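Heads up, the thing below is written out as structure tokens.
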There are 4 protein chains.
Amino acid sequence: MAQPASRQRKTRANGVASRIAILDAAAHIAGERGYEGTSINAVSERSGLPASSIYWHFKNKDELIAAVIDRSYSDWIEALRRLADQDSELSPVEMYSSGMRQSAEQLIQFPDFLRLGLMLTLERRPSEPTARQRFQATRVETLARLRRYLGRVFESLGEAEIEQLAVLTLAGSDGLFIAAESEGIDIADGFETLARAVMGAAVSFGWVRPNS
Amino acid sequence: MAQPASRQRKTRANGVASRIAILDAAAHIAGERGYEGTSINAVSERSGLPASSIYWHFKNKDELIAAVIDRSYSDWIEALRRLADQDSELSPVEMYSSGMRQSAEQLIQFPDFLRLGLMLTLERRPSEPTARQRFQATRVETLARLRRYLGRVFESLGEAEIEQLAVLTLAGSDGLFIAAESEGIDIADGFETLARAVMGAAVSFGWVRPNS
Amino acid sequence: MAQPASRQRKTRANGVASRIAILDAAAHIAGERGYEGTSINAVSERSGLPASSIYWHFKNKDELIAAVIDRSYSDWIEALRRLADQDSELSPVEMYSSGMRQSAEQLIQFPDFLRLGLMLTLERRPSEPTARQRFQATRVETLARLRRYLGRVFESLGEAEIEQLAVLTLAGSDGLFIAAESEGIDIADGFETLARAVMGAAVSFGWVRPNS
Amino acid sequence: MAQPASRQRKTRANGVASRIAILDAAAHIAGERGYEGTSINAVSERSGLPASSIYWHFKNKDELIAAVIDRSYSDWIEALRRLADQDSELSPVEMYSSGMRQSAEQLIQFPDFLRLGLMLTLERRPSEPTARQRFQATRVETLARLRRYLGRVFESLGEAEIEQLAVLTLAGSDGLFIAAESEGIDIADGFETLARAVMGAAVSFGWVRPNS
DNA sequence: AATGAATGAGGATTCATTCAT
DNA sequence: AATGAATGAATCCTCATTCAT
């Protein structure tokens, strides 16, 4: 066996691998500590590359965190797509509850992404970090996705109604994630209730007839 | 001879006023930037008192932010009490929708408190700041309050069901706050939908009969 | 014997003395190495105070160097005034050659100030350091002083002529300073030639009659 | 098979062109910001070549800046020669004023060179950069040139007198350059006055008879 | 009850330079 | 003839905190 692993890496100069190592480290730390809490030094230590090397790969901290968001969102979308492929040809109602189950799955799979994203969302600082804007964009996309989804499930609903349900769904989802982080509630359970609730709201408003 | 007014005031007097000025400044900044983003220096500048004075009033940054949470929560409870006094003697249903309206009102009134609290909740750092624990405690209290509340509205429900609805309500509330911060949705509207949704969930599960 | 000198200083907290120590150190280093060459660390080492203390006394490097220019110029003016007091009641011609001798004296006395000032003057960077503007201002003042001076010596001359001679005198002075720094020429000698030259120019243009 | 043109050019070709691009970039930046202010990175960006390529062409920063001085001085001499060719066969007096005019022209043509050179001249750092020595050498050469020149114009003068006039001329020239940079004075005007002044000094000392 | 001054540790970022390819 | 990647040292500056007054 044998290869003298340790020293090797430094000379090898593998840009792609280094970039990934940095992003991995940054994603982990930023997911736990937020933007300000993510020091370049910490990323350097966790990734094994000197701080100055981070600056070869990323212009500055801002762009590093933005890149973290971008990559995480790609992964998120990718995971979503994999799940979506499984349920072509379902009835609306089946699709709905399946979609809710999948959403719960997503939250559980990407806690760092969501934690960081929500922290960025909540921050209100003079100069918005690029990362915040990027996450904002993913929220807009997610809402659009939700609208399309609900549009297919509740075919008779108008735009305004769909909008209300979409917002409620996203809000419920974010809130459940926080409750899971904070009080340790079970996300899957929470989503089941949420599904009923959204459906129930539609019924209660008289938008749909109560059969399931 | 009469006290040389001008000089005097700053030196001798108002420990209380200074403390308040510091808390005000810290609450504002922490509400915008979170724990790490709140530097003692920034608080010093905004409050007009030297940094060393902050350390006369508070042991360290940790306790300062904790004190911010404590004070904000007192104010929050106080506001809640004022609202609650208005609706003794309401029917359960009236109480419920009134409660929901009041909750929306609260979120709008205390954005800094919630922003800071949620940021603290999301952070996951090695040594938990005292402030986080304090906010955690307020969440526990809020949940208890919600349980009592829902218990009175849905008198027939068991503990497990109440719990589910309470969690959903809190989650929806947090999520709506975030949506308001991020996408600018209208909180009052959101809460109306949320009220319907929670009710609808109860109906959908067959816990209550659908009459309103 | 007795006072344990070394440690004492730190606790003593003598703001004024520290500020002076920092300015002394910065003046020396900046006078030798220019703006960029003056690292806060070097100033810290030379002054004996930690780098962070420098930032208690000065907002940033820019303001530190600007303060160096300001203080040096005060000293320069002060020295000038002391010299000027000596030669009230001189004939114009005596005044002129005395003034020239004094100027030479000044250059010799304040080499750090001039070196730094000229380096700042020559630099052409995107964001002008405050220090550069401050030195610029001293040049404007010096030119005004020169105009008044030459106006008294060559009473018959018009503004335009005075201006030309003033510019030439300042240029000669700066150039001689550089020649002294670079080739080690004798400044006093240089100024004697310069005095003759300025006078000679005036004669040559026919502005004054050649008698001295 | 024929060489895949496009790729090729950048890799194989023009070492000379790259070297020139680097020198151009370095000359520009160093002429504006001085030795310390010229970062390899900035030169890399302005020249369009990676930093490591600069090290292929030049041993280090020191030699790069030295090369800048060398090349600029060659250009300077070249320009001088072109001008000089125009005025063989002039009377001493004509030659003198023509020479002065030409000098003004030179300063206007090579501001970066002079700015950098004078900045280097003024700096006083522990380890003298090679570039400083190179510029020093050009000054020595320029002085020698001036002596020869003045020797031809004022044929009767002794070495000591020539020296004094040469030093004054160089000083005036440097000073006028600075005044142009700082106060925006007109260099050509300044040199006319300077010419009169040097001549006037010679007359005033009784070294030459006043006829022109 | 307060504060001017100080301070070590750490923040992000840039530096000149090297080296394997 | 060139360059992508790396790197240790240094850059300026901010941090939380302390302490003598």
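Just so we're on the same page: letters track the sequence lines, and every chain starts at 1. Worth knowing before you read on, the calculation uses all heavy atoms, side chains too, and leaves out hydrogens, waters and symmetry mates. Keep in mind that this is a model prediction, so the values were computed, not measured.
Base pairing of F:dT14 is made with E:dA9, judged by Watson-Crick or G-U wobble geometry with both donor-acceptor distances under 3.5 Å. Using N1 to N3 plus N6-O4 or O6-N4 for Watson-Crick, or N1-O2 and O6-N3 for G-U wobble, each under 3.5 Å, F:dT7 pairs with E:dA16.
The two residues D:Asp112 and D:Arg115 come nearest to each other via the heavy atoms OD1-NH1, 3.1 Å. Contact between C:Ile22 and C:Val43 at its shortest, heavy atoms only, is O-CG1, 3.9 Å.
Rounded to whole Å, the distance from CD1 on D:Ile20 to P on F:dA1 is 14 Å. At whole-Å resolution of the value, CG in D:Leu49 and P in F:dA2 are 7 Å apart. Rounded to an integer number of Å, the gap from CD1 of B:Ile65 to C1' of F:dA16 is 12 Å. Here the C1' atom of nucleotide E:dA5 and the CD1 atom of C:Ile22 are 10 Å apart, to the nearest Å. Going from atom CD1 of D:Ile29 over to atom P of E:dC15 covers 10 Å, rounded to whole Å. Between the CD1 atom of C:Ile54 and the C1' atom of E:dA5 there is a distance of 14 Å, rounded to whole Å. Note: CZ (D:Phe58) to C1' (F:dA2) measures 14 Å, nearest angstrom. Rounded to an integer number of Å, the gap from A:Trp56 CH2 to F:dT7 P is 13 Å.
Just one of B:Arg71, B:Arg19, B:Arg46 meets the side-chain hydrogen bond (donor to acceptor under 3.5 Å, both in side chains) condition when paired with B:Asp24; it is B:Arg71.
Each of F:dA2, E:dT3, F:dT7 was ranked by its minimum atom distance to the side chain of A:Pro50; first place goes to F:dT7. Residue C:Asn60 places its side chain closer to F:dC13 than to any other of F:dA2, E:dA16, F:dC13. Among the nucleotides F:dA16, E:dT17, F:dA2, the one closest to the side chain of B:Ile40 is F:dA16. Counting only heavy atoms from C-beta on, C:Asn41 has its side chain closest to F:dT11 among F:dT11, F:dC13, F:dA6. Distances from the side chain of A:Tyr55 to the nucleotides E:dT7, F:dA2, E:dA12 place E:dA12 closest.
Side-chain nitrogen and oxygen atoms of C:His57 include none within less than 4.0 Å of the OP1 or OP2 phosphate oxygen of E:dG4. When the side-chain nitrogen and oxygen atoms of B:Ser39 are compared with OP1 and OP2 of F:dT14, none of them lie within a distance under 4.0 Å. Distances shorter than 4.0 Å separate some side-chain N or O of A:Ser53 from OP1 or OP2 on F:dT7. The phosphate of F:dG4 has neither OP1 nor OP2 within less than 4.0 Å of any side-chain N or O from D:Ser52.
Side-chain contact between A:Met119 and A:Glu32 is absent, with no heavy atoms from C-beta onward closer than 4.5 Å.
Map D:Arg19 and B:Gly37 each onto its nearest nucleotide of DNA chain F; the residue landing nearer the 5' end is D:Arg19. When each of D:Thr38 and A:Ala42 is assigned the nucleotide of DNA chain E with its nearest heavy atom, A:Ala42 is the one assigned upstream, toward the 5' end.
The existence of a salt bridge linking A:Arg33 and B:Glu36 is excluded, since no basic side-chain nitrogen approaches an acidic carboxylate oxygen closer than 4.0 Å.
B:Ser44 contributes no side-chain N or O that, together with a main-chain N or O of B:Ile40, makes up a donor-acceptor pair within less than 3.5 Å.
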